[in-house]
Amino acid sequence: MAGIIPASQQPGILKTLLLCLPMIFITQMMLSAGKPLPTEPAGIVSFAVTFIFVNSIFFLMIRTGKTDRWRSILFVTYSVCFVLSFITNLFEVRGSMAISQANMIEGLTPFCHMVIPVTLIPAALTRTIIFPGTIIGTWASIATMFVLWIGSSLALGRGFCSWFCFFGGMDEGFSRLFKKARIKKVNPRWTYLPYAVLLLIVLASAVTLAPFYCEWLCPFKTVTEFAEITSLKIFIQTIIFVSLFIALVMVLPALTRRRTQCSLFCPFGAFQSLTNKINVFEIRVEPDKCIQCKKCIATCPSFSINEETIAKGKTAMTCMKCGKCVDACKQQAIFYHIKGAPLAHGKPEIYRRLFIYPAFLFLATMSGGYVQDAILKIIKLIATGSIF
Amino acid sequence: MKLDGFILGLSNGVACIATCAPVLIPYLLGEGKGIVRNYWVTGQFLFGRLFGYLLFAVLAWTVSSAILQETGLRNPIIGIAYILFSGLLIFYGFFNKTNVSCKAACNSNKYKRLLALWPALLPVAAGFATGLSFCPPFLLAFTGAAEQTSLLAAMLFFFSFFLGTSLLFVLAPFVGMFKRFQVLQIVGKMAAGLMGLYYLYSGVILIIGGLKII
């Protein structure tokens with residue numbers, strides 16, 4: 001089996017290249033940020049490697065008909081490069097990963113999408129953004145992230161979590177460490193925990209007028225930036241978020257082969273699930289074709305498919321549209337679909353392509369800069385012994 | 001009626017509901033009852049708050065506020081109240097009926113029996129514990145009560161303060177509109193359990209260090 005498309009129906013190399021042309025042009029423009037191509041050797045190498053890497057991934061997606069197999073490679077690379085690039089930038093600018101109170105007062109904390117749900121109620125009630133960042137003008141400003149979030153939510157729904165989020169690739173990477181899951185059964189009740197965390201942080205942030213999630217719970221502070229430890233309270237907060245990172249991003253994904261942080265804890269993911277309701281793309285199941293092998297249930301990283309949803313012919317609201325179940329189904333009973341389009345006589349491969357163009361564009365655009373930067377720093381490190 | 005206490009309460013009602021909402025709303029969602037029943041539960045919650053307020057009215061009158069501000073006993077006492085309350089919330093959120101871990105639930109039969117015997121225990125305790133938050137309006141009320149000439153006047157002052165702050169709770173029971181969504185009950189209970197963890201932390205910190213939180 002050479003993918004979900006039978007070998008006879010796979011597009012030829014020329015057709016695949018033609019289908020990739022729009023992405024080649026767009027990624028060239030996005031990776032160069034509209035500027036002339038770099039002229040120094042390290043810049044040329046990092047640009048060329050990123051450009052070839054990203055477009056090879058897209059080529060393989062089109063050619064083989066597999067989505068998740070190739071997406072996951074870029075998605076995990078994206079996360080690793082994001083961490084490399086982010087941390088080295090912090091050291092370059094601040095000399096440390098810790099952010100001081102003075103930096104926070106100056107509004108120098110980069111805004112990330114995880115904070116969006118907790119800022120909405122205080123913003124509506126008090127017309128203030130409860131985050132020590134800048135509204136506009138910087139690469140990680142609040143306005144920039146809101147615009148990106150709205151655009152990607154409209155285009156992808158919760159696909160955001162598999163095609164956009166720069167943290168998601170971390171637990172995805174750990175979930176692929178072992179071939180077999182050590183923990184096979186997880187009580188489905190725990191899939192409601194992200195909603196409870198969401199309720200808690202939204203209420204607590206409205207009460208304290210502070211980003212409660214960032215202060216107390218965000219596991220990814222471990223690999224990005226965190227408050228300088230100046231009190232017992234911050235010390236306890238540090239213990240909490242580091243423990244959560246180790247447990248939810250490293251250990252549990254490796255043991256369960258699922259994205260446990262994203263599906264059992266992340267309040268932003270829970271919030272993002274609601275956007276699946278307004279997004280036109282969905283994953284559908286044709287129960288008539290299904291042979292009940294349950295491979296999709298076993299492989300879904302977000303616990304979004306079970307017998308009940310299969311009987312209904314769709315995935316749960318929490319589906320991240322990663323395509324893992326689509327790749328796993330040898331009966332082609334699971335496929336990308338556009339809401340309202342016919343099921344029985346539809347053309348799943350066309351629907352899939354219509355989804356992966358915008359989805360991949362987001363992934364390539366978001367990942368490209370970080371991958372380039374990380375490669376550039378590695379080259380500098382090898383050549384000069386320093387990343388700065 | 002102590003009008004000054006009432007107005008003080010009314011003007012600070014938003015701050016009070018903001019403190020209580022993270023506990024009350026998840027609990028109401030977790031119970032999954034209708035609006036009428038939620039009014040009854042909110043009443044129990046408010047009764048707990050009133051009890052806490054009146055207790056402080058007595059303290060304010062018998063001990064001068066200055067002495068109580070200075071004493072090292074205030075934070076540990078509230079810390080212990082928080083820890084007891086957090087135990088109830090955590091049990092309610094993660095082990096009561098919707099037990100995630102049977103073993104843990106089976107070991108907690110005493111709590112189960114306690115909650116079954118007196119279902120009002122949790123809302124009353126929640127009201128009591130959240131009523132003990134030393135927010136600025138509460139301290140103002142405490143000072144106001146301390147200035148009263150008699151115990152009855154001090155209690156009336158706190159009672160009118162309580163009435164003023166309680167008016168905004170009228171809307172809380174309307175979360176009962178979502179009672180058909182059973183998932184929200186699970187989510188509400190879990191959120192209450194998580195809030196319990198936060199109160200546990202708050203209690204421990206108050207006991208060991210008197211750090212100001214929430």
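The chains referred to below are lettered A, B, ... by the order of the sequence lines, with proteins before strands, and numbering in each begins at 1. Quick caveat, the model's predicted, so the values are computed rather than measured.
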Please flag which part of A/Leu199 lies under 4.5 Å from any non-hydrogen atom of chain B: side chain, backbone, both or neither. side chain
Is the CZ atom of B/Phe47 crowded by more than 12 outside heavy atoms at less than 6.0 Å? no
If I measure from the heavy atoms of chain B, does A/Ile236 come under 4.5 Å with its side chain, its backbone, both, or neither? side chain
Between A/Val202 and chain B, with a heavy-atom cut-off of 4.5 Å, which part of the residue counts as in contact: side chain, backbone, both or neither? neither
Would you mind listing every salt bridge (charged side-chain N to carboxylate O under 4.0 Å, His left out) that reaches into residues 247-275 of chain A, with sequence neighbours excluded? A/Asp171-A/Arg259, A/Glu172-A/Arg259
Could you go through B/Met190 and A/Tyr195, starting from their C-alpha distance and side-chain angles, then the distance that decides it, and tell me whether this counts as side chain to side chain contact (heavy atoms under 4.5 Å, CB included)? CA-CA 9 Å; B/Met190 283 181 165; A/Tyr195 297 95; over 6 Å; no
To the nearest 0.5 Å, tell me how far A/Leu198 CG sits from B/Leu194 CG. 11.5 Å
Below 4.5 Å, heavy atoms only, C-beta onward: do A/Lys233 and B/Ile205 meet side chain to side chain? no
Nearest heavy-atom contact between B/Ala191 and A/Ala196 is N-CB, 3.4 Å
B/Met195/A/Leu200 under side chain to side chain contact (heavy atoms under 4.5 Å, CB included): CA gap, chis, key distance, verdict: CA-CA 7 Å; B/Met195 206 62 210; A/Leu200 172 83; 3.0 Å; yes
So with a 6.0 Å cut-off around CZ of A/Phe265, is the heavy-atom count from everything else above 12? yes
Using a cut-off of 6.0 Å, state whether more than 12 heavy atoms not belonging to A/Lys294 lie near its atom NZ. no
Nearest heavy-atom pair of A/Leu203 and B/Pro26: which atoms, and what distance? CD1-CD, 4.0 Å
For a side chain to side chain contact (heavy atoms under 4.5 Å, CB included) check, start with the C-alpha distance between B/Tyr201 and A/Gln237, then their side-chain angles and the critical distance, and finish with the verdict. CA-CA 11 Å; B/Tyr201 157 80; A/Gln237 288 170 344; 5.8 Å; no
Report, as yes or no, whether the 6.0 Å neighbourhood of atom CZ on B/Phe51 holds more than 12 heavy atoms from other residues, nucleotides or ligands. no
So which pairs with a foot in residues 311-320 of chain A pass salt bridge (charged side-chain N to carboxylate O under 4.0 Å, His left out), sequence neighbours left out? A/Glu308-A/Lys312
With heavy-atom distances below 4.5 Å as the criterion, would you say the side chains of A/Leu193 and B/Val187 are in contact? no
